[in-house]
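Lettering of chains follows the sequences in order, A, B, ..., and the numbering in each one begins at 1.
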Amino acid sequence: MAETQTLYAAFAGKIDAVLTALSDEGVLPAGTARDGVSVEPPRDPAHGDLATNAALVLAKPAGLNPRALAERIAAGLAADPAVVSAEIAGPGFINLRLADSAWLNELAAIAAAGPDYGRSARGAGTTVNIEYVSANPTGPMHMGHCRGAVVGDALAALLEFGGHKVIREYYVNDAGAQVQTLARSAHMRYREALGEDIGEIPPGLYPGDYLVPVGEALAAEFGGRYAAAPEAEWLDLFRTRTVAAMLETIRGDLALLGIHHDLFSSEAELQAAGKPEQAEAWLRAHDLVYDGVLEAPKGKPAEDWEPVELPLFRSTRFGDDQDRPIRKSDGNWTYFGADLAYHMQKAQGADELIDIWGADHAGTVKRIKAAVAALSAGEGKPIPFDVKLVQMVQLLRAGEPVKMSKRSGNFITIADMVEEVGKDVVRFTMLTRKPEAQMDFDFAKVVEASKDNPVFYVQYAHARIRSTLRKTAADGLAPSADGLDRLGADELAVVKFAAQFPREVEAAAKAREPHRIAFYLYDLAAAFHAFWNAGNDDPEKRIILTHDRALTSARLFLALQIGQVIRNGLAILGVEAVEEL
RNA sequence: GCGCCCGUAGCUCAGCUGGAUAGAGCACCAGACUACGAAUCUGGGGGCCGGAGGUUCGAAUCCUUCCGGGCGCACCA
């Protein structure tokens, strides 16, 4: 776990040192906050290599003219040997131009860190629990689960790379009415396996034939014992068996996407352990749960609405629109009541919680946030908690929406998708849009091998690099850092882009947005392709120069490191970097 | 009616949590292959960042309000 001192981090430190010096001289008031000070590449490369807004941000608290302050800071920075020039621009930006050696050193840093290049200690080892997928264990994973699964998994990897410990968790809803329906459906298949003619699966039960093997297994295990027995004798048993079988299926489906959770938490076990009761008792003791009557729902005509007294959580105190029941009128826990206790349980094993939910659950975000906020007090510590909503994916086939009918059990499964287009395409494509925006997934487009398909574009850049290295290795040419000072402007442009990887990772981790890595990789691939193609116009710019082995080795070294950065980025996304297409 | 998300080039989308003249791809126009992999690259046109106010040195970004689209709004999970 090498922590690389990256170029951007190094300059942030240098700027900070200059500010400290100015503070010592009395130019800056002591204790002036430096939070807003940033170091970033300017949008326009003509402005230089790095820019800082330090003077703009600090001018006001220091009571100074921004440009005057900028001159003091720029003078301090210009003294650094790695800085070729420090110019003041616009309202008070300081633009730095760096010596080529500074960038070439970064290339060496990539080589030294290898797969750890870009890894950050920013997370400071704090534990983040990410709950994602958590699909009901009533059938195979289908398309609707896919995006959240990929986004959650990539976010987990991103946060790990960003210096957090991560718990990947799956909440198994094995306690409600739906899993009882599942058990009854399995019982039908069980009777069928025993030779009974069951005809059509009755409406309300799960018709999918994925339960056929479950029925067969039950028949093999129990024979005819429960065929005509009253439900009370087999319901729990069949539920347990069937849920276990469904979870096996789901684990297999997730594995196809390269997803492996650390923890599967059972709602039934949570309830059996009395966790919701404990939560309720604590909340009642703090006047956060009371017995009350909900208002009739608005917006829809409430035909069958009846006022009933229920135990209500005071979520309105935390910004929700309505207090929310934690138990149903039959005394059982509502989904929310159990989920509340579940979040308390998760908080005990982590410093921070993240839930990845489908957008169709947006309406319940406020209440669960309210619950975690309330329970923070009970845990004696604030529990940072974020719910990431993942919007719908519309499946298309060459522009035409794919019809899916859940009722008939005819839906596109994740296994179908992976089989048709491959894991890497599914994962990368799901990450080429910010999660909160709706998205189309067109089976025809995602397998297209062209530059408007980012997966292939990035893979192609990597494959080109690997292909070049294979070819030169066969000729006895090896990458070498010895002649790096001979690299020119075309090479440096790519290096400068690659050097931004660590800050992209940090920014993406901070924002919890893995899709940024996908976009960055696309841009990095573009920078490499541009560099490559310069060799088409001018043969002297090709990587392989038969008349100059030293320069070839230096360029190979560059290519090797660009490939490394692409691999590191793809690793975060869970996408394999291929050797050839 | 209420809540959440979205609205950026003709189309599909980025925009580094407030920075400089708003960027990519597709499409369109004009170019680059006797190949280190052209599945690529170079150049060009194309914008009231949905509208209107506000906050400040500075707004696509933050606040208010309207318009348009999506999702949700029960003791379902």
Tell me what [X] touches on the nucleic acid: a base, only sugar-phosphate, or nothing, going by heavy atoms under 4.0 Å.
X      : value
A/T364 : base
A/K434 : sugar-phosphate
A/E580 : base
A/Y520 : nothing
A/F93  : base
A/A508 : nothing
A/A507 : sugar-phosphate
A/S329 : base
A/E40  : nothing
A/N95  : base
A/A177 : sugar-phosphate
A/R327 : nothing

Distance check needed: [N] [atom2] versus [X] [atom1], whole Å only.
X      : N     : atom1 : atom2 : value
A/L294 : B/C75 : CG    : P     : 5 Å
A/F497 : B/A24 : CZ    : C1'   : 11 Å
A/L524 : B/A24 : CG    : C1'   : 15 Å
A/K541 : B/A32 : NZ    : C1'   : 14 Å
A/L581 : B/A39 : CG    : C1'   : 7 Å
A/K471 : B/A35 : NZ    : P     : 11 Å
A/L310 : B/A74 : CG    : C1'   : 11 Å
A/W333 : B/A77 : CH2   : P     : 14 Å

Are A/H462 and A/F528 near enough that their ring centres are under 6.0 Å apart?
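No, ring centres 6.0 Å or more apart.
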Ring centres under 6.0 Å, that's the criterion: do A/F497 and A/Y520 meet it?
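Close enough - the centres of the two rings lie under 6.0 Å apart.
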Is the shortest side-chain N/O distance from A/R464 to OP1 or OP2 of B/A38 below 4.0 Å?
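Yes, A/R464 has a side-chain N/O under 4.0 Å of OP1/OP2 on B/A38.
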Where A/D321 and A/T316 come nearest, the two heavy atoms and their spacing
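For A/D321 versus A/T316, the nearest heavy atoms are C-CG2, 3.8 Å.
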How far does CZ of A/R147 sit from CZ of A/R433, to the nearest 0.5 angstrom?
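Answer for the CZ-CZ pair, A/R147 versus A/R433, is 8.0 Å.
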Report yes if the ring of [X] lies under 5.5 Å from the six-membered base ring of [N] with planes under 30°, and no otherwise.
X      : N     : answer
A/Y457 : B/A39 : no
A/H47  : B/A20 : yes
A/W532 : B/C36 : yes
A/H361 : B/A77 : yes

Do A/E513 and A/R516 meet the salt-bridge criterion of a basic N to acidic O distance under 4.0 Å?
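A salt bridge links A/R516 with A/E513.
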Carboxylate-amine/guanidinium contact A/R464 A/E580, below 4.0 Å:
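Result for this pair is no, no salt bridge flagged.
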What integer number of Å spans the [atom1] atoms of [N] and [M]?
N     : M     : atom1 : value
B/G10 : B/C76 : C1'   : 44 Å
B/G44 : B/A60 : P     : 24 Å
B/G45 : B/U34 : C1'   : 34 Å
B/A52 : B/G68 : C1'   : 15 Å

Along RNA chain B (nearest heavy atom to each residue), the more 5'-positioned of A/R433 and A/A362:
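The residue mapped nearer the 5' terminus is A/A362.
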A/Q391 vs A/E309, nearer the 5' end of RNA chain B by closest nucleotide:
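Nearest nucleotide further toward 5': that of A/Q391.
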Angle between ring planes, A/F519 versus A/H515, binned at 30° and 60°: parallel, tilted or perpendicular?
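Rings of A/F519 and A/H515: perpendicular, over 60°.
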